[in-house]
Visitor: 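Following this message is one structure expressed as structure tokens.
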Amino acid sequence: MTVVGERTTARVLDDLIALQEGAFLARTVESRRVRTECSDVLPGGVASNWQDAPPGAVWISHGQGSRVVDLDGTSYVDLHGGFGVNLVGHAHPAVVETIGERVRKGTHFAQPTRDAVVVARLLAERFGLPMWRFGNSGTEATMDAVHLMRAATGRMKIIKVEGSYHGHHDSVQVSVYPSIEEAGPPLRPRSVRYSVSVPPDLARLTVVVPFGDLEAVERALIENAGEIAGMILEPVMMNIGLIPPPDGYLAQLKGLLHRYGAYLAFDEVKTGLSVAPGGASELLGVTPDLICLAKALGGGLPCGAIGGTPDLMRLISEGVYEQVGTFNGNPLTMAVAAVVLRDVLNSDAYRHFDRLRTVMTDEATAILRKWGMPGYVQSYGAKGSVIFHQKLRDYRDFLDYPDEWGHTHWLYQHNGGVFLPPWGKTEQWTLSVQHGDDDVRRFLTNLDTMGRDYAGSAAIR
């Protein structure tokens with residue numbers, strides 16, 4: 001454990017966390033009251049387990065522009081972004097107008113509408129894959145990708161990356177956050193069920209490899225000869241901070257999989273639209289066989305999409321794979337997605353993201369150095385993360401990253417009026433088109449305050 005002055009870093013962080021959690025709990029009385037009262041009808045007093053992070057879930061009243069307001073009336077700069085959904089911010093005028101127009105024409109028919117064609121063509125232009133289908137979540141999109149790869153090859157096994165999250169269907173609920181005791185050797189990780197709900201036999205169909213390791217992928221292909229349908233991965237890992245791939249990895253990975261008759265699917269649920277107009281595929285110059293989208297595409301409405309090559313998507317049109325869903329291509333979602341792609345997330349928006357991200361990245365890096373805090377800042381497009389640790393390359397590096405740093409930062413930001421995603425070190429900030437310089441300055445001020453308190457506490461004898 002690092003020693004700073006006469007005190008360990010862990011002791012310093014524990015003391016800061018105790019003070020900040022006390023301030024947090026004093027500010028969120030109404031959230032705690034409502035949570036307690038509703039726990040008889042909402043398990044755990046929340047609508048999703050991902051909403052429940054220590055020291056407590058924060059209930060939101062409303063959002064406007066770049067801000068959200070909780071039930072206690074506290075206003076925050078929203079860099080949580082609904083886990084990366086809100087690239088357009090809250091109540092964007094174009095989105096509000098579109099919803100108002102569409103809702104008066106009907107919101108559900110379970111039949112196609114013209115906006116589905118508009119969205120599909122815009123996605124084809126941005127992402128380089130010609131054919132698209134829609135769903136309602138990232139989980140549905142990645143499930144369709146796995147099903148399509150299996151249908152195309154007749155093979156049942158897939159490869160996924162250790163420490164990656166691709167939704168909550170059984171095939172990918174494997175080695176999401178395994179403990180070091182369960183995970184096995186670093187170069188040959190075990191396939192660890194995320195929970196007891198995942199059937200052991202199904203988990204064995206998912207072969208796990210480290211991120212960025214081509215040798216591990218080829219070994220999996222050889223050892224499971226003729227059994228691997230394909231591989232799904234986040235081209236930039238965003239389940240454990242923000243980890244870019246090694247140079248050349250994605251292009252070589254695509255070629256390697258194709259040599260063994262397997263497909264490559266990108267989970268761009270988080271990176272799609274946020275790191276570049278055409279997601280990580282555009283940013284890194286590699287077009288996979290399948291791309292999964294959700295989150296930012298719907299402008300705040302539930303959405304999902306999967307794009308693919310003609311050969312793969314033909315399996316849908318020919319009925320080999322039934323890609324279905326009552327709400328697929330929902331007219332309200334499609335109308336908003338069309339406006340988001342055509343009018344909101346335009347070239348001006350990405351210049352705006354680049355400018356704000358550069359300020360956040362450069363100045364946050366300077367603050368880390370100024371106060372002697374460990375780490376670095378990783379960022380692309382509208383996304384970024386302060387990582388208080390040595391360079392993260394894969395999940396095993398992430399396991400060595402102390403939880404206390406991310407939690408301390410989250411508390412300082414929250415108590416200072418900036419809402420970051422919960423769970424500290426695992427998540428990233430998300431900018432929106434409605435954020436401005438004052439919002440970025442608030443984030444940097446809070447980080448500076450944390451650094452000052454850290455350095456001051458560390459100097460105490």
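Residues take their numbers from the sequence shown, with the count starting at 1.
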Visitor: For the pair Y321 and H147, name the ring-plane relationship: parallel under 30°, tilted 30 to 60°, perpendicular over 60°.
Guide: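 Correct class here is perpendicular.
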Visitor: Supply the atom-to-atom distance L290 CG to M131 CE, rounded to the nearest 0.5 angstrom.
Guide: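 Nearest 0.5 Å value for the CG-CE distance: 12.5 Å.
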Visitor: Yes or no on side chain to side chain donor-acceptor pair (under 3.5 Å) for T361 and S379, after CA distance, side-chain angles and deciding distance?
Guide: CA-CA 7 Å; T361 301; S379 62; 2.7 Å; yes
Visitor: Would you tell me whether D400 and H389 have side-chain atoms, one donor and one acceptor, within less than 3.5 Å of each other?
Guide: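 Checked: D400/H389 side chains show no N/O donor-acceptor pair below 3.5 Å.
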Visitor: List the atom of C292, the atom of A141, and the distance in Å for their closest heavy-atom pair.
Guide: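 C292 and A141 have their closest heavy atoms at SG-O, 3.5 Å.
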Visitor: For W59 and D70, indicate whether the former's side chain and the latter's backbone hold a donor-acceptor pair under 3.5 Å.
Guide: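 The answer is no, because no donor-acceptor pair under 3.5 Å joins these two groups.
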Visitor: Would you call D403-K425 a salt bridge at under 4.0 Å N-O?
Guide: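 A salt bridge is present here (some side-chain N lies under 4.0 Å from a carboxylate O).
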Visitor: Treating K160 as the side-chain partner and S164 as the backbone partner, does any N or O pair qualify as donor plus acceptor under 3.5 Å?
Guide: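 Answer holds: yes.
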Visitor: Please check if the side chain of D394 supplies one atom and the backbone of F211 the other of a donor-acceptor pair under 3.5 Å.
Guide: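 It does not hold such a pair.
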Visitor: Looking at D354 and R351, does any basic side-chain N land under 4.0 Å from a carboxylate oxygen?
Guide: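 No salt bridge links D354 with R351.
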Visitor: If we count only N and O atoms by modelled type, under 3.5 Å, do the side chains of E218 and Y260 hold a donor and an acceptor together?
Guide: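 Looking only at side-chain atoms, Y260 and E218 do form a donor-acceptor pair, the distance falling under 3.5 Å.
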Visitor: Anything under 30° is parallel, anything over 60° is perpendicular, the rest tilted; go ahead and classify H407 against W410.
Guide: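 Correct class here is parallel.
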Visitor: Using side-chain heavy atoms (C-beta onward) and a distance below 4.5 Å, is L356 in contact with H352?
Guide: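 Yes, side chains in contact.
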Visitor: Might you point out which heavy atoms bring G63 and A91 nearest each other, and give the distance in Å?
Guide: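 Scanning both residues completely, I find the closest heavy atoms to be O-CB, 4.4 Å.
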Visitor: State, with a plain yes or no, whether a side-chain heavy atom of L148 is found less than 4.5 Å away from one of I316.
Guide: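 A side-chain contact under 4.5 Å exists here.
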Visitor: Could you check whether any side-chain heavy atom of E162 comes within less than 4.5 Å of a side-chain heavy atom of R396, counting everything from C-beta outward?
Guide: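 Contact flag for E162/R396 side chains = yes.
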Visitor: Does this structure show an ion pair linking R155 with E227, if we count only N-O contacts that are shorter than 4.0 Å?
Guide: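 Looking at R155 and E227, the cut-off is not met.
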Visitor: Please verify the inter-ring angle class for Y177 with Y194; under 30° counts as parallel, over 60° as perpendicular, anything in between as tilted.
Guide: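 Judged by the thresholds at 30° and 60°, the geometry between Y177 and Y194 is tilted.
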Visitor: How many angstroms lie between atom CG of N415 and atom CE of M450, to the nearest 0.5 angstrom?
Guide: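 That separation rounds to 12.5 Å.
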Visitor: Between T28 and S31 (side chain of the first, backbone of the second, donor and acceptor by atom type, cut-off under 3.5 Å), is there such a pair?
Guide: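 Absent.
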Visitor: Give the table of side-chain donor-acceptor pairs shorter than 3.5 Å for residues 297-310, with sequence neighbours excluded, one pair per line with atom names and distance.
Guide:
residue	atom	partner	partner atom	Å
T309	OG1	L312	N	3.4

Visitor: Hey, can you tell me if F419 and Y76 have their rings parallel, tilted or perpendicular (30° and 60° cut-offs)?
Guide: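 F419 and Y76: perpendicular rings.
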Visitor: Would you compute the distance between atom CE of M238 and atom NZ of K270 and round it to the nearest 0.5 angstrom?
Guide: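 Atom-to-atom, M238:CE and K270:NZ are 8.0 Å apart.
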Visitor: Hydrogens and angles aside, do Q51 and S48 bring a side-chain donor and acceptor to less than 3.5 Å of each other?
Guide: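 Absent: no donor and acceptor within the cut-off.
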Visitor: Which pairs count as side-chain hydrogen bond (donor to acceptor under 3.5 Å, both in side chains) when at least one residue sits in residues 99-123, sequence neighbours excluded?
Guide: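 The answer is none; no pair qualifies.
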Visitor: Is there a donor-acceptor contact under 3.5 Å from the side chain of Q434 to the main chain of V88?
Guide: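 At least one qualifying donor-acceptor pair exists.
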Visitor: According to side chain to side chain donor-acceptor pair (under 3.5 Å), who are the partners of Q64, at least two apart in sequence or on a separate chain?
Guide: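 Residues passing side chain to side chain donor-acceptor pair (under 3.5 Å) with Q64: none at all.
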Visitor: Hey, are the side chains of L447 and E363 touching, using non-hydrogen atoms and a 4.5 Å cut-off?
Guide: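 Of all side-chain heavy-atom pairs linking E363 with L447, none is under 4.5 Å.
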Visitor: What I want to check is whether the side chains of S274 and K383 have a donor and an acceptor closer together than 3.5 Å.
Guide: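 Their side chains do not contain a donor-acceptor pair, so the 3.5 Å distance test is not met.
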Visitor: What heavy-atom pair brings L250 and P245 nearest, and what distance separates the two atoms?
Guide: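 Reported closest heavy-atom pair: CD1-CG, 4.0 Å.
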Visitor: Assess the side chains of H80 and T430: does a donor N or O sit below 3.5 Å from an acceptor N or O?
Guide: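 No, no side-chain donor-acceptor pair sits under 3.5 Å.
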Visitor: Got a donor-acceptor contact below 3.5 angstrom from the E234 side chain to the F266 backbone?
Guide: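 No, the answer is negative, given that no donor and acceptor are paired below the 3.5 Å cut-off.
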Visitor: For a quick test of reading the model, state the closest non-hydrogen atom pair linking P55 to F24 and the distance between them.
Guide: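 So the two residues come closest at CG-CD2, 3.1 Å.
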Visitor: Please check if the distance between the ring centroids of Y165 and W50 is under 6.0 Å.
Guide: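 Here the rings of W50 and Y165 have centres that are less than 6.0 Å from each other.
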Visitor: With no hydrogens and no angle check, is any side-chain donor or acceptor of S39 less than 3.5 Å from a backbone partner on G44?
Guide: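 Between the backbone of G44 and the side chain of S39 there is no qualifying donor-acceptor contact (under 3.5 Å).
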Visitor: Only one of D267, N239, T139 clears side-chain hydrogen bond (donor to acceptor under 3.5 Å, both in side chains) with H166; which?
Guide: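 Going through the options one by one, the only one that passes is D267.
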Visitor: Atom CD1 in I387, atom CD in Q378: separation rounded to 0.5 Å?
Guide: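 If we round to the nearest 0.5 Å, I387:CD1 and Q378:CD are 6.0 Å apart.
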Visitor: Looking at D448 and R441, does any basic side-chain N land under 4.0 Å from a carboxylate oxygen?
Guide: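 The answer is no: the pair does not qualify as a salt bridge.
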Visitor: So, applying ring pair (Phe, Tyr, Trp, His ring centres under 6.0 Å) with F388, which one of W405, Y376, Y412 is it?
Guide: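 Single ring pair (Phe, Tyr, Trp, His ring centres under 6.0 Å) partner of F388 among W405, Y376, Y412: W405.
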Visitor: Between V118 and R342, what is the shortest heavy-atom contact and its length?
Guide: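 That would be CG1-NH1, 3.9 Å.
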Visitor: Given the rule in the ring pair (Phe, Tyr, Trp, His ring centres under 6.0 Å) test, do F327 and F134 qualify, once you have shown the distances and angles that lead to the verdict?
Guide: CA-CA 9 Å; F327 286 93; F134 303 107; over 10 Å; no
Visitor: Would you give the length of the straight line joining atom CG of L221 to atom CG of L257, rounded to the nearest 0.5 angstrom?
Guide: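 Here the rounded value is 6.0 Å.
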Visitor: Would you check if I158 and L205 make a side-chain contact, meaning some heavy-atom pair closer than 4.5 Å?
Guide: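 Result no, sub-4.5 Å side-chain heavy-atom pair not found.
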Visitor: For the OH atom of Y380 and the CG atom of L242, what is their distance to the nearest 0.5 Å?
Guide: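 Between atom OH of Y380 and atom CG of L242 there are 7.0 Å.
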Visitor: Within the side chain of E140, is there an N or O that forms a donor-acceptor pair under 3.5 Å with the backbone of N136?
Guide: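 Here the side-chain-to-backbone pair exists.
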Visitor: Tell me whether R393 at atom CZ has more than 12 heavy atoms from other residues, nucleotides or ligands lying less than 6.0 Å away.
Guide: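 Incorrect, the count does not exceed 12.
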Visitor: What orientation do F443 and H409 show, parallel under 30°, tilted 30 to 60°, or perpendicular over 60°?
Guide: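 Perpendicular, since the angle between the ring planes exceeds 60°.
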Visitor: For L293 and G272, work out which heavy atoms get closest and say how close.
Guide: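 Looking at all heavy atoms of both residues, the shortest contact is CD2-CA, 3.8 Å.
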Visitor: So do Y350 and V275 actually touch side chain to side chain, heavy atoms under 4.5 Å?
Guide: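 The answer is no; the side chains never approach within 4.5 Å.
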Visitor: Within the 4.5 Å heavy-atom criterion, are Y263 and I228 side-chain neighbours or not?
Guide: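 They are not in contact (no side-chain heavy atoms under 4.5 Å apart), so the answer is no.
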Visitor: Within the 3.5 Å criterion, strictly below it, is a donor on S281 or R126 matched to an acceptor on the partner's side chain?
Guide: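 Result is no, nothing qualifies.
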Visitor: Among L345, V340, N346, which residue meets the side chain to side chain contact (heavy atoms under 4.5 Å, CB included) test with V433?
Guide: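 Only one option passes, and that is L345.
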Visitor: Any ion pair linking D52 and R35 (charged N to carboxylate O, less than 4.0 Å)?
Guide: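 Looking at D52 together with R35, the answer is yes, because their closest N to O distance falls below 4.0 Å.
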Visitor: Does a donor on one side chain and an acceptor on the other come within less than 3.5 Å for S66 and D439?
Guide: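 Short answer, yes.
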Visitor: Judged by modelled atom types alone, do N328 and R133 share a side-chain donor-acceptor pair under 3.5 Å?
Guide: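 No donor-acceptor contact under 3.5 Å links the two side chains.
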Visitor: Kindly determine whether D437 and R355 satisfy salt bridge (Lys or Arg N to Asp or Glu O under 4.0 Å), including the steps that lead there.
Guide: CA-CA 10 Å; D437 293 336; R355 185 180 68 81; 2.8 Å; yes
Visitor: From the options H435, Q428, Q413, R442, select the one residue that forms a side chain to side chain contact (heavy atoms under 4.5 Å, CB included) with L79.
Guide: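 Going through H435, Q428, Q413, R442 one by one, the side chain to side chain contact (heavy atoms under 4.5 Å, CB included) with L79 is satisfied by H435 alone.
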Visitor: A side-chain contact here means heavy atoms from C-beta on lying under 4.5 Å apart; do N330 and F109 qualify?
Guide: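 No - every pair of side-chain heavy atoms lies 4.5 Å or more apart.
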